2 protein chains.
Amino acid sequence: MVTLAEVARHAGVSASTVSYVLSGKRPISGPTRQRVRASIEQLGYQPHAGARALASSRSRIIALMVPLRTDMYVPVMLEIAVAVATTARAHGYDVLLLTGEEGPSALRRVTGSGLAEAVILMDVQLDDERLPVLRAAGPPAVLVGLPGDPAGLDCVDLDFAAAGALCVEHLAALGHREIAVIGESPGVYARHTGFAERTLRGLRERAGRLGLRLLHRPCEGGHDAVAGVLARIFDERPGVSAFVVQNETAVEPLLALLRRTGRAVPEDVSVVAVCAGQVAAQASVALSSVAIPAQELGRRAVERLVAGLARQDGDARPDAGRGPGVELLAPTLTVRDSSGPPPPPSGVRN
Amino acid sequence: MVTLAEVARHAGVSASTVSYVLSGKRPISGPTRQRVRASIEQLGYQPHAGARALASSRSRIIALMVPLRTDMYVPVMLEIAVAVATTARAHGYDVLLLTGEEGPSALRRVTGSGLAEAVILMDVQLDDERLPVLRAAGPPAVLVGLPGDPAGLDCVDLDFAAAGALCVEHLAALGHREIAVIGESPGVYARHTGFAERTLRGLRERAGRLGLRLLHRPCEGGHDAVAGVLARIFDERPGVSAFVVQNETAVEPLLALLRRTGRAVPEDVSVVAVCAGQVAAQASVALSSVAIPAQELGRRAVERLVAGLARQDGDARPDAGRGPGVELLAPTLTVRDSSGPPPPPSGVRN
DNA sequence: CTGAAAGCGCTAACAT
DNA sequence: ATGTTAGCGCTTTCAG
């Protein structure tokens, strides 16, 4: 293995000079820098990560904790993870993959051992058990998602409430007066995953303001579960002319069932989804939808973390990352083929 | 930060004793071990990862390279990644997440810097550009997937050829004589991703042996693409009574289109899939399918890697991991609701 | 602008 | 069974 000392000897300089060429932490004359660079190149030198971490107390590693349970928003999770890794690299960091399984102790472990100098948490619950660890003099952290009490924490998420409102608004503008919401599976609500409840709040609030009727039903994924829920909805509210879906695995079953029961989309009923953009675009009827901005979420999480770490170093630049706090990304609704005006009142159908 | 030296002082022993209590690399008397353990506990000591890596030249980190492009088998990819992380932890390793983006250089980087001591590569292409790095005195590595020439490499994958054969066999046993294959998107074949071609080979070979007609068509995901392919298939081969699908995003569109064109599944046509188990189970008609054993793949990859690393250490145990080479997991076909006997010859329908 | 040298915290001979 | 000690490779004072 090539060491810094060998590079130094080869270049005819001291070890510290090589180090400073690498870090740029002090001015090095042009010629020396050239020679050192050449030696590094020739010898194929690569700094030893462990030695660096030991001497500098900075591992340049960010831990990313993904949920163990992969039952929800799976493509989105992967996309966020990949965006985190990519963005982290762009800032000189590597990413350590942790699963939710180990829970809070994993955070203590990677953080206490100096393995990771910061963490990003995905799939945050309203009263997440990992949060106490973070508040108690924890490491720099950014949550993707919003806990019940985000005080003192750094969070990035889609503004799901606004997303819900946006869906209602879109449907209201088309003339719909009665909407049904096919929600996440009951388990998601039971776990108090914030985004589901926030979406619902946004839906309800805007529906209330615009005077629409709104019916919400949690729903498991899969064809049979959706069939049951759908039947109950039409039973309770025959006047429903539009659906908002927030469960990727319910999307296709819903479309299939509507088709089978002779309801054309969007002629007879409209459907709007809050889900991964790809899912919406590739559905058997391209769905008008609010996409989860997975890449953006991953990217922002890293950027905020890196800004925070720089701040620690005394990089008092006022620009990067607008400081800690909650950052909610504004939702965008993409209109595709699944939403249109409601059918004319029954009996008047042409 | 609590150091090993402090623990040693607190316990009234030398630093090496503490180290050995931790590593178990030499016998320590019961009493001393107790005292050291107690001190560790009380002081909340955590070994410094960097210092350890430096002194021992073992980082206890495995790099996992996932494809950047997330267009295929996405849930499976995440499931593998999570299984890798979980299994690695069970063996005392952590996992570094790399994206395909950086390519071969990422391998050199994490490996040359001692950051990771071994790597797992996912989504391996037939002539993967990362392989030369591995063969050339590279780090211990396991591929999830099969390259064109696996010589000298350690690989784990589903036996896709056997999976294809299994599908044909199942359909043949039901009485089908003419089968169509909805393949992966053309891009996948163009990239020479091995599994798609191996599946096809298995399908063809078994179909040939059993005297079935087989028609293969690559297919993009999404409703429109599937519609086009399906139309062409029925045009060319009106006698087709069964489909094998190997593209998760084509599954629901296919089912929807069959339904719409008045073909009942499985009464009129059978459908068998090679895809994630969850997708098959949750489809609008529960699909008979060969599942991709994601967890098993991730688990085996780590186990083989760890076995290899132990072998390096001189752990000449004959058991663990059956040595390097190619390990193909046997496929399992789960019969669900989408496959049955073909309809009686036309004109005889009841 | 550059060098010398003292650690960073841990492991693993080498002792006893 | 335990202690002593010499590094592992790098960063960062302290000195010029």
Side-chain angles (χ1 to χ4, degrees), chain A residues 1-37 39-40 43-61 92 109-115 117 312-314, chain B residues 1-37 39-40 43-61 92 109-115 117 312-314:
Chain A
M1 196 215 170
V2 184
T3 71
L4 183 149
E6 302 182 56
V7 173
R9 201 174 321 128
H10 185 273
V13 298
S14 75
S16 59
T17 298
V18 177
S19 179
Y20 285 119
V21 167
L22 254 24
S23 70
K25 288 189 180 174
R26 81 180 184 190
I28 302 287
S29 74
T32 342
R33 193 171 39 238
Q34 301 312 317
R35 264 184 308 136
V36 171
R37 289 244 169 82
S39 299
I40 287 177
L43 302 181
Y45 168 70
Q46 297 205 255
H48 184 106
R52 240 179 192 189
L54 176 56
S56 67
S57 312
R58 317 263 280 91
S59 66
R60 302 243 130 208
I61 288 180
R109 185 175 61 80
V110 300
T111 253
S113 66
L115 218 198
E117 41 181 298
Q312 277 190 341
D313 292 0
Chain B
M1 197 214 172
V2 184
T3 72
L4 184 149
E6 301 181 55
V7 174
R9 201 175 321 129
H10 186 272
V13 299
S14 75
S16 59
T17 298
V18 177
S19 178
Y20 285 119
V21 165
L22 254 24
S23 70
K25 288 188 180 175
R26 84 180 183 191
I28 301 287
S29 76
T32 13
R33 193 169 40 237
Q34 300 313 315
R35 262 184 309 134
V36 171
R37 289 246 170 81
S39 298
I40 287 177
L43 303 180
Y45 168 70
Q46 296 204 255
H48 184 106
R52 241 178 192 188
L54 176 57
S56 66
S57 313
R58 318 262 281 89
S59 67
R60 302 245 132 209
I61 288 181
R109 186 175 60 81
V110 301
T111 253
S113 65
L115 219 198
E117 40 181 301
Q312 279 189 340
D313 292 0

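Letters A, B, ... mirror the listed sequences (proteins, then strands); counts begin at 1. Only a predicted model underlies this, so the values are computations on that prediction, with no experimental measurement involved.
Note on A/Ser16: a base of the nucleic acid sits closer than 4.0 angstrom, heavy atoms only. Among the protein residues, A/Val13 comes within range of the sugar-phosphate backbone only, with heavy atoms under 4.0 Å from sugar or phosphate atoms but none that close to a base. Nucleic acid contact for B/Gly30: none, since no nucleic acid atom lies under 4.0 Å from a heavy atom of the residue. A/Leu54 comes within 4.0 angstrom of a nucleotide base, judged by non-hydrogen atoms across all strands. Across all strands shown, A/Ser23 has no heavy atoms under 4.0 Å from either base or sugar-phosphate atoms. Using a 4.0 Å heavy-atom cutoff across all strands shown, A/Thr32 reaches sugar-phosphate atoms only and no base atom.
In this structure the side chain of B/Ser16 reaches within 4.5 angstrom of the side chain of B/Arg26, judged on heavy atoms. Residues B/Tyr45 and B/Leu22 meet the side-chain proximity criterion, which asks for heavy atoms closer than 4.5 Å.
Residues A/Leu43 and A/Val7 approach most closely at CD1-CA, 3.9 Å, considering heavy atoms. In this structure, A/Gly114 and A/Ser59 approach most closely via the heavy-atom pair O-CB, 3.4 Å.
We find that CZ of A/Arg58 is positioned 15 Å from C1' of C/dC8, with the value rounded to whole Å. One interatomic measurement links the two molecules: CZ of B/Arg26 to P of D/dT2, which rounds to 9 Å at whole-angstrom precision. Distance A/Leu4 CG to D/dG7 C1': 16 Å, rounded to the nearest Å. The CD-P distance, from A/Gln46 to D/dC10, rounds to 11 Å in whole Å. Rounded to an integer number of Å, the gap from NE2 of B/His48 to C1' of C/dG7 is 13 Å.
Both B/Ser57 and B/Arg33 lie near DNA chain D, and the one whose nearest nucleotide falls closer to the 5' end is B/Arg33. Nucleotides of DNA chain D nearest to B/Ser56 and A/Leu22 differ in position, and the one nearer the 5' end is that of B/Ser56. For A/Ala15 and A/Ser29, each mapped to the nucleotide of DNA chain C holding its nearest heavy atom, the one lying further toward the 5' end belongs to A/Ser29.
Side-chain nitrogen and oxygen atoms of A/Lys25 include none within less than 4.0 Å of the OP1 or OP2 phosphate oxygen of D/dT11. The side chain of A/Thr3 places no N or O atom within less than 4.0 Å of a non-bridging phosphate oxygen (OP1 or OP2) of D/dG9. A sub-4.0 Å separation between OP1 or OP2 of D/dT13 and a side-chain N or O of A/Tyr20 is absent. The phosphate of D/dG9 has neither OP1 nor OP2 within less than 4.0 Å of any side-chain N or O from A/Arg52. Listed pair B/Ser14 / D/dG3 meets the phosphate criterion, a side-chain N or O lying under 4.0 Å from OP1 or OP2. Between D/dC10 and A/Ser19, no contact under 4.0 Å exists linking OP1 or OP2 to a side-chain N or O.
In this structure, the side chain of B/Ser56 engages the main chain of B/Arg52 through a donor-acceptor pair within 3.5 Å.
Between the base of C/dG3 and the side chain of A/Arg9 there is no donor-acceptor pair shorter than 3.5 Å.
Closest contact between the side chain of A/Ala51 and the listed nucleotides D/dG9, C/dG9, C/dC1 involves D/dG9. Comparing D/dG9, D/dA1, D/dG3 against the side chain of A/Ala55 picks out D/dG9 as the nearest. Of the candidates C/dC10, D/dG3, C/dT2, the closest approach to any side-chain atom of B/Thr17 belongs to D/dG3.
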**OP:** Could you give me the CA-CA distance, side-chain angles and deciding distance for B/Ser29 and B/Thr32, then say whether side chain to side chain donor-acceptor pair (under 3.5 Å) is met?
**Re:** CA-CA 6 Å; B/Ser29 76; B/Thr32 13; 2.3 Å; yes
